[in-house]
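Given the structure is predicted, the values throughout are model-derived calculations rather than measurements.
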Amino acid sequence: MEKEMKGLIIAVHRDRYEVEVNKKQIYAKLKAGVYYSDKYAEEFPTVGDYVELEYNNMGDSLITATMERRTCFTRKDPDDGQGEQTIAANFDYVFIMMSLNHDFNLKRLERYLTEAWQSGAQPVVVLTKADIAEDVSEKVQLAQSSTIGADVCAVSAVTGQGMDALSKYFRPGMVIVFPGSSGVGKSTF
């Protein structure tokens with residue numbers, strides 16, 4: 001091991017972490033004595049977490065601490081009796097993605113908004129596929145009536161419609177997460 005450093009978790013691969021350190025990507029594992037000991041009980045890091053690590057230029061580095069989180073998304077841990085599992089951390093905005101076609105569902109939008117507000121970040125509702133949807137303005141109004149305190153933007157990745165309204169969120173250093181159902185356009189966006 002060489003020296004103590006800080007890094008950002010950018011991917012989790014089971015028990016191996018991809019970490020950005022000084023604009024370079026390295027791999028690291030959890031230091032067993034810190035993370036698997038009842039004495040310390042350090043919370044496992046997830047994507048978006050800042051961590052302290054012992055850097056090793058000859059192989060995997062060791063993560064020694066998970067820094068305090070500003071924001072986070074959690075879910076019920078899939079392992080029975082394990083409580084909650086953090087799935088993303090330290091983001092600024094939650095772009096709630098919902099298609100204006102058959103995926104449009106106000107109850108689902110309200111659930112996503114609740115989770116976004118609970119995360120500690122600012123939600124933004126992004127209604128996708130505006131180029132092929134019917135009743136766009138009506139659905140935007142319905143969404144706005146359910147989203148007090150959050151912007152609602154109808155967009156099209158094909159035509160570029162509505163993308164200008166989102167440009168204010170794309171600033172250096174800002175981190176955005178994109179929850180939404182499969183097929184709503186998250187990867188196209």
Derivation and outcome, side chain to side chain contact (heavy atoms under 4.5 Å, CB included), residues Leu53 and Glu4:
CA-CA 6 Å; Leu53 50 92; Glu4 291 286 326; over 6 Å; no

Using the side chain to side chain contact (heavy atoms under 4.5 Å, CB included) rule, take Met98 and Arg108 through it: C-alpha gap first, then chi angles, then the decisive distance, then the call.
CA-CA 9 Å; Met98 183 172 287; Arg108 183 181 312 122; 4.2 Å; yes

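In the displayed structure, Lys31 atom NZ is contacted under 6.0 Å by at most 12 heavy atoms of other residues, nucleotides or ligands.
Residue Val125 comes nearest to Leu113 through the heavy atom pair CG2-CD2, 4.2 Å, listed as atom of the first residue, atom of the second, then distance. In terms of heavy atoms, Gln122 sits closest to Ala150 at NE2-CA, 3.9 Å. Considering every non-hydrogen atom in both Ile63 and Ala28, the closest pair reads CG1-CB, 3.7 Å. Scanning both residues, Asp164 and Ser167, for their nearest heavy atoms gives O-OG, 2.8 Å. When every heavy atom of Val51 is checked against every heavy atom of Met67, the shortest pair comes out as N-CG, 3.9 Å.
Annotation: the span from Leu127 atom CG to Leu100 atom CG amounts to 4.5 Å, rounded to 0.5 Å. Rounded to the nearest 0.5 angstrom, Asp49 CG and Leu8 CG are separated by 8.5 Å. We find the CD-CZ distance between Gln118 and Phe73 to be 9.5 Å, quoted to the nearest 0.5 Å. Remark: Gln25 CD to Glu18 CD distance equals 4.5 Å, nearest 0.5 Å. Separating the NZ atom in Lys168 from the CE atom in Met174 is a distance of 13.5 Å, to the nearest 0.5 Å. Taking CZ of Arg111 as the reference point, atom CD1 of Ile96 lies at 11.5 Å (rounded to 0.5 Å).
Between Ser61 and Asn56, the side chains place no donor N or O within less than 3.5 Å of an acceptor N or O (distance only, hydrogens not considered). Under the 3.5 Å distance criterion, with hydrogens and angles disregarded, a donor-acceptor pair is assigned to the side chains of Tyr35 and Thr66. Counting only N and O atoms by type, the side chains of Asp151 and Tyr169 include a donor and acceptor under 3.5 Å apart.
With contacts defined as side-chain heavy-atom distances shorter than 4.5 Å, the pair Gln85/Thr74 does not qualify.
We find that Arg171 and Asp92 are not joined by a salt bridge, their nearest charged nitrogen and carboxylate oxygen being 4.0 Å or further apart. Using a 4.0 Å cut-off between charged side-chain N and carboxylate O, Lys139 and Glu134 make no salt bridge.
Between Phe95 and Tyr112, the distance separating the two ring centers is not shorter than 6.0 angstrom.
Under a 3.5 Å cut-off, the side chain of Asn90 and the backbone N or O of Arg69 do not form any donor-acceptor pair.
Follow the hydrophobic side-chain contacts under 4.5 Å out from Val47 and you never reach Val177; the two are in separate clusters.
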